[in-house]
Each structure stands twice: as structure tokens, then as C-alpha cells.
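What you see below is based on every heavy atom in this structure, not just the backbone, and it leaves out hydrogens, waters and symmetry mates. Naming convention: chains lettered A, B, ... in sequence-line order (proteins, then strands); numbering from 1 in each chain.
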Amino acid sequence: MQNIQQSIRELVSQHYGQEIEPIVSRPEPQFGDVSSNVAMQLAKPLQKNPREIAEELAEMLTELDEVKDVSVAGPGFLNITLTDSVLVSMLDTHPMNSDKTVVIETNNPNPFKAMHIGHAYNAIIADTIANLIEREGNHVYRVSYHGDIGAHVGRSMYALLRYIDGDVKKLEEVSTDERNSFMSRMYAEGSRAYKEDEAAKPVIDELAKQSFTRQDPTYAHVYDTIFDWSFEEIALNMARLGNKPVEKKFLESDADARGVQIVRDHTPEVFEESDGALIFRGSDYGGFDNVFVASNGLGLYGARDVGLIALKREQYHPDISYIVTAEEQKAYFKGLLAAAAQIYPGEDGVTVNISHGTVKLSTGKMSSRTGDVIEISWLFDQIVDAMNDRGGTVRDDVAMGALRYAFLKVRVGGDVIFDVNESVSIQGNSGPYLQYAHARACSILAKSTVTIEQPTDCSFQPDERLLLRKVTEYSDVVERATQELMPHHICNYLYELSQEFNRFYEKNRVISDDRESVRLWLVETYRDTLADGLGLLGIPAPKTL
RNA sequence: GCACUCGUAGCUCAGUGGAUUAGAGCAUCUGUCUUCGGAACAGAGGGUCGUAGGUUCGAAUCCUACCGAGUGUACCA
């Protein structure tokens, strides 16, 4: 597509003396392979009828080797059909043309709390965006960031210390399977006590403060144990979600002291004092005025994020650093990033916040166990149940594909209404459907004994050409998804691609047909493209299902 | 109150300046079919693209107002 765009640009430059970027798109197959409204773009500067310009351009384009046919439609649209060999040449993978150092947070659940559905969504979006950036040729560092200190730790510790009642051995009685629900129960209990029990409040505040120092041996022991459990749980869930491992875990405790110091060093130039706290006037930058260091001298999340930016900067010297969060934090990040831009002049725009919506269940049913949050384990249980109901075998790679695809197929930014049954459905626009489509193509390839040949004469039959044409769109789709950081474009495309294959497959035999070797090549090309696309989405592409 | 996001078929969503029927999936209805994995294919019904103006040769897409939903709005993250 870029070649033809280039050709049009040159023609326009030569014949009309206009330097423009011709807009080209993919029309419906019946209209050709490429269409362009370049004549309309030229009509105004040239003071000429667009239809007339289109006719002239059509004549010139027909002369090109890569063009088979051109027609003019409507007010002056050009519909261009390319030769088959050009179509084949378009299959070449798109160039790796970027070489930046990129840091991206691909998960950030807090220890001492259960992982919920929002963590899963956040992690899947971020991991897939990381895949896209990596594909461009950039050096990507996946990192994570976790809150290991502060208020929520105090709440959990309150309930935990009461639970063990002086005997740390009691923790050993909690079996591996029960740990996650045990931890969320403890957190829920502590939270409730903080809200409802006046006497507990100061105790919890004190326990929260202790999370910074952890000097009491019993406290330290319980803390360390739950800390380890939490990270085992996080690692387990990340693997289950199909996320690639991170290179480094950053902790709030690492970032805290550093951030507080930086905020102090930049007061009053960047931050200012207000009611004893150090604040940043985010409202001047589309955010809101926010406290970074509290009046009691302790760092808040803002200060820690400043510290985290400093740590990432030292460790990786990133050209771009992505922080993927839910949209609730969008305004906060406007302020934070404006502050960071002042702390590090000339590095404005290095740190970028990508925000996404929240996940809601279509059934409206929430987790019964912990009240208001939906735990990841519960989510997987639902998927497994739905698979069982369908009578299919339950497989981890299919569950993973179902969940990732359901989350990724919607545009990043809006909310996701998650329907468990729809996600595992083998029919329709779902992960398992694509996995099935892949397995089916593999099966054909495995069955044939004929050698696969890339066609040399390049004359395809109409149905073959339709499939080939669809496959050639892949690199454009990947490019768009990468530029916009929008994985859903790939989902939509892969689904259309599979449909196109099914249409072909329905009407045309591959094995024991005269054109078997050419068609095998086509099936293989399709299969490889599908597998590559699924790979970018982090979805397994099984050979059998 | 102010700021940001969103409003497209019964439901869930693509499409965000370009046309020749505004597209998919689910759901509903009808066909094909002893298949290379039918977990398929073909087709039908279903839309004043929230409402009203405006800009443009051309608007679901841009602008304005209004209606409706969500989120944020300093010592939680």
C-alpha cells in the first residue's frame, strides 16, 4: 500500500506540481485493492473539477507496472486494482523502524490485597501494548510497581495480627490454595474495622506507619510472609493471564524516600507549601492541586511517583516511559507529569500515561465472597464453568485466549462489559474462535503430503485472491495499532481474516486439488499471519484444540 | 459548580472527514450440507448514528448549545 501511495505522490508532483500526502484506503473488494480520494484533495488548489483530475490520474496510473486496472467512481474516487505479484510482494513483513528505549509498567497490583478483575484488565492491556512497541524494534523494559507500604498494609496487618494472636505459626496452617482468599479476607476485615471501630483506627494508623520500618519482630515476620505470598500470587496470576514476565519490580518503599527528597529539593520552584504540606498546582495543567508530601512530613503517592520516575530514569534512561492506569487517575497524572516536566526540564513528554476504562460484568453479579470486588480467581472459575457447560474440554490456553481477547477487542479508553459466556463461545468474535481457526488451518497443512510452493506465475483464482488480499492488509493493521497503541484493531482484523478463510475453505478444496501446492502456500501464509497476530495479542495459537 | 470521557441495531461493540446499501458478533428467522476439524457457509428482519443548530463539495466523524451516563476535583492509591 505504501508503494502505490508513493507512486501517486510522484505522479501528482510531476504533473501538477503539488506536494501532498495522498490518502489511500482499502475499499470493498469489488472496487479494487486500493482507493484514493487524491483528486478531491487536489480539486481546490488546482481549481479544477475533481472528476477530471481523477480521469487524468487514472490514465497515468494504468501505465504503471504494479497496476492492473483503474477506474473512476463517484465525484472522483480512484479505485485501483493491483497485479497479483504486487499483492504477493506486499506480504513482506513491515520494517522495524524504531530503536527507542521504552519502559512500560505491565502490572501493578498491591501486595496484602487480592488481585481483582481491574488488575487483570490493566495487565493485559499494558502487556499487549508492550508487545506492539517491541514489534517496532524498540528495546522494551517491562516493569511493575507495587504498594508495599502505607494505609492498606496497616489494615491487613491489623486483622492479621489479631488472627495469629501472638502465634506466628498459625500462618503455616493456611494452605497454599486458601492463601488468596485468606489475604483478601484479612484486608476486608481490617478495612471494616477502620471504618466501623473507633478504637481500631489509631491502632491501624500506627500499624500503617510501621510498614515503613518493620522493626517489631512479629510484625516483620507476618509482613514478610504475606509479602511473599502476595508476590507468588501475583506471579501465578500474571502467568495465567499470559503476561510476559517483568524485568524489575519497583516498590513504593523504594520510591518513597527518594520522591520526598526530590519534592523538598524542588520547593518552592516547582512545589509550594500550603497548610504545612507540599503541593503542586496541577490545576494549571489540566489536573488538580494535589498534596505530594503530607503536613506530617510523610510522602504520599504523588511523591512516590516522582521517586519512581527518578528511579526509572536512572536505571533505563528511557526515551519513552509508559504508565498504564485506569481513567480515574487521568487528572492526577496530568498534574504529576507536569511536575515531572519541571523537575526534569527538556524531558517533557518522556513519561506518558495511557488510561483505560473499567471492567463490568454483563450479569451484574459481583463476587459473593468479598463483597464489592471481583477476584481474578473467581473470574477464571467462571470461564471454566462456562467451558464445561458447553461440553468442551477445559484448557488453560483457551481460557487465557478467551479472557485476553474479550478484554482486547474493545477500544482502549472505554469501559469493558465482560460477558463470560460470550468470551468462551467458539462461535462469533471471540478468542477461542480464532484459536479454532488456527488449529483448523494447521490440520490441513499437517494432512497434505504435497510440497508447498510459493506461486511463481502469480495468477490467482478469484477466491484465492480474496484471501490473499485480506492477508496483505496485516502489516497496515499492525502499523495502525502500534501508532495508536490500540490493540483492538488487530482483534477486528484477525476475526475478519478468519472469516475470509472460512469462506474460501467452504467453497474450495485444498487437499487433492489441482492447485494443491499453491493453495497450501495460501493456507500456510494465512495461518502464519493469524499466529503472528495472536502472538502480538499474547494469545496462544494451538495446533490442535 | 468546574474539568475530562462517553452516547451508533433488542444486547455487546467497530467505524472518528469521503462515496457506490453506516459494518460485525450475540439474539431472532430462513436456507446450504454424509465437511480438508459443520465449532462452517449463504441469506432475512432490525439503525431519524442522544437532540437541535452550524462549518464543508461531502459529517456518525469537526464546531456550538442542550439532554443523558460515567469519572475526577489536596494530605487514600
* Looking at A:Tyr194, does the NZ or CZ of A:Lys201 lie under 6.0 angstrom from its six-membered ring centre and within 45 degrees of the ring axis? ->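 So A:Lys201 does make the cation-pi contact.
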* Are A:Lys249 and A:Tyr145 in a cation-pi setup, meaning NZ or CZ lies under 6.0 angstrom from the ring centre and within 45 degrees of the ring axis? ->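 No; the conditions do not both hold, so A:Lys249 does not lie above the ring face of A:Tyr145.
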* Nearest of B:A77, B:G37, B:G25 to any side-chain atom of A:Asn429? ->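 The answer is B:G25, which lies nearest to the side chain.
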* Kindly say whether A:Thr325 contributes a backbone atom to a donor-acceptor pair with the side chain of A:Ser355 at under 3.5 angstrom? =>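 Not a single qualifying donor-acceptor pair exists.
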* Asked: Distance-only, no hydrogens or angles: does the A:His146 side chain make a donor-acceptor pair with backbone N or O of A:Pro109 under 3.5 Å?
  ->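 It does hold such a pair.
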Is [X] near enough to [N] that one of its side-chain N or O atoms lies under 4.0 angstrom from OP1 or OP2?
{"X": "A:Gln435", "N": "B:A39", "value": "no"}
{"X": "A:Arg503", "N": "B:A40", "value": "no"}
{"X": "A:Arg440", "N": "B:A39", "value": "no"}
{"X": "A:Lys447", "N": "B:G37", "value": "yes"}

* Asked: Do any pairs count as a salt bridge (charged side-chain N to carboxylate O under 4.0 Å, His left out) and have a residue in residues 484-499 of chain A, sequence neighbours left out, and if so which ones?
  ->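 Qualifying pairs: A:Lys470-A:Glu496, A:Arg480-A:Glu484.
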* To do: Any pair with a residue in residues 267-280 of chain A that passes salt bridge (charged side-chain N to carboxylate O under 4.0 Å, His left out), sequence neighbours left out, goes on the list, sorted by first then second residue, please.
  =>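 Non-adjacent pairs meeting salt bridge (charged side-chain N to carboxylate O under 4.0 Å, His left out): A:Glu272-A:Arg281.
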* To do: Give the ring-plane orientation class for A:Tyr332 versus A:Phe292, where under 30° counts as parallel, over 60° as perpendicular and anything between as tilted.
  =>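 Tilted, since the angle between the ring planes falls between 30° and 60°.
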* To do: Check the angle between the aromatic planes of A:Phe227 and A:Phe231 and answer parallel, tilted or perpendicular using the 30° and 60° thresholds.
  =>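 Correct class here is tilted.
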Carboxylate-amine/guanidinium contact [X] [Y], below 4.0 Å:
{"X": "A:Glu516", "Y": "A:Arg519", "answer": "no"}
{"X": "A:Asp33", "Y": "A:Arg469", "answer": "yes"}
{"X": "A:Arg155", "Y": "A:Glu189", "answer": "no"}
{"X": "A:Arg192", "Y": "A:Asp197", "answer": "no"}

* Asked: Who pairs with A:Lys48 by side chain to side chain donor-acceptor pair (under 3.5 Å), at least two apart in sequence or on another chain?
  ->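 Partners of A:Lys48 under the side chain to side chain donor-acceptor pair (under 3.5 Å) test: A:Glu56.
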* A:Asn108: what forms a side chain to side chain donor-acceptor pair (under 3.5 Å) with it, not counting sequence neighbours? ->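 A:Asn108 satisfies side chain to side chain donor-acceptor pair (under 3.5 Å) with no other residue.
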* To do: Sort by first number and list every stem of RNA chain B: at least 3 consecutive Watson-Crick or G-U wobble pairs, both distances under 3.5 Å.
  =>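 So the stems come out as B:1-7 with B:67-73, B:10-13 with B:23-26, B:28-32 with B:40-44, B:50-54 with B:62-66.
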* At under 4.0 Å between heavy atoms, what does A:Thr544 touch on the DNA or RNA strands: base, sugar-phosphate, or nothing? ->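 Result for A:Thr544 = base.
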* Identify whether any heavy atom of A:Ala437 sits under 4.0 Å from a base atom; if not, whether one sits that close to sugar-phosphate; answer base, sugar-phosphate or nothing. =>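 Result for A:Ala437 = nothing.
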Under 3.5 Å between N/O atoms: give me all the protein pairs with nucleotides 72-75 of chain B, atom names plus distance.
| residue | atom | partner | partner atom | Å |
| --- | --- | --- | --- | --- |
| B:A74 | O4' | A:Asp289 | O | 2.9 |
| B:A74 | N1 | A:Ser274 | OG | 3.1 |
| B:C75 | O2 | A:Ser295 | N | 2.7 |
| B:C75 | O2 | A:Ser295 | OG | 3.4 |
| B:C75 | N3 | A:Ser295 | OG | 3.2 |

* What residues, two or more places apart in sequence or in another chain, satisfy salt bridge (Lys or Arg N to Asp or Glu O under 4.0 Å) together with A:Asp397? ->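 In terms of salt bridge (Lys or Arg N to Asp or Glu O under 4.0 Å), with neighbours along the sequence ignored, A:Asp397 is linked to A:Arg395.
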* To do: If a protein heavy atom is under 4.0 Å from the base, mark B; if only from the sugar-phosphate, S; if neither, -; do that for nucleotides 13-21 of chain B going 5' to 3'.
  => SSSS-BBBB
What integer distance in Å separates [X]:[atom1] from [N]:[atom2]?
{"X": "A:Asp205", "N": "B:C76", "atom1": "CG", "atom2": "C1'", "value": "11 Å"}
{"X": "A:Gln499", "N": "B:C41", "atom1": "CD", "atom2": "P", "value": "7 Å"}
{"X": "A:Lys334", "N": "B:C2", "atom1": "NZ", "atom2": "P", "value": "17 Å"}
{"X": "A:Ile204", "N": "B:C76", "atom1": "CD1", "atom2": "C1'", "value": "14 Å"}

Give me the distances for all protein-to-nucleotides 45-47 of chain B N/O pairs that come in under 3.5 Å?
none

How far, in whole Å, is [M] from [N] if one measures between their [atom1] atoms?
{"N": "B:G46", "M": "B:C26", "atom1": "C1'", "result": "14 Å"}
{"N": "B:U32", "M": "B:G58", "atom1": "P", "result": "48 Å"}
{"N": "B:C6", "M": "B:U16", "atom1": "P", "result": "13 Å"}

* Contact summary for A:Gly401 and A:Ile539, nearest pair of heavy atoms ->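 So the two residues come closest at CA-CG2, 3.7 Å.
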Could you go through nucleotides 29-35 of chain B and list every protein N or O atom that sits under 3.5 Å from one of its N or O atoms, giving the distance for each pair?
none

* **A:Tyr187 ring center near A:Phe112 ring center (under 6.0 Å)** =>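 No, the ring centres sit 6.0 Å or more apart.
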* List in chain and number order the residues that pass side chain to side chain contact (heavy atoms under 4.5 Å, CB included) with A:Val143, two or more places apart in sequence or in another chain; answer none if no residue qualifies. =>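 A:Val143 satisfies side chain to side chain contact (heavy atoms under 4.5 Å, CB included) with A:Val103, A:Glu105, A:Lys248, A:Phe250, A:Lys312, A:Tyr316 only.
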* Within residues 189-198 of chain A: residues closer than 4.0 Å to RNA chain B (heavy atoms) ->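 By residue number: none to list.
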* Which residue lies more 5' along RNA chain B, comparing A:Lys330 with A:Val510 via nearest heavy atoms ->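 Here A:Lys330 is the residue nearer the 5' end.
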* Asked: When you match A:Lys543 and A:Gly414 each to their closest nucleotide on RNA chain B, which lands nearer the 5' end?
  ->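 It is A:Gly414, whose closest nucleotide lies nearer the 5' terminus.
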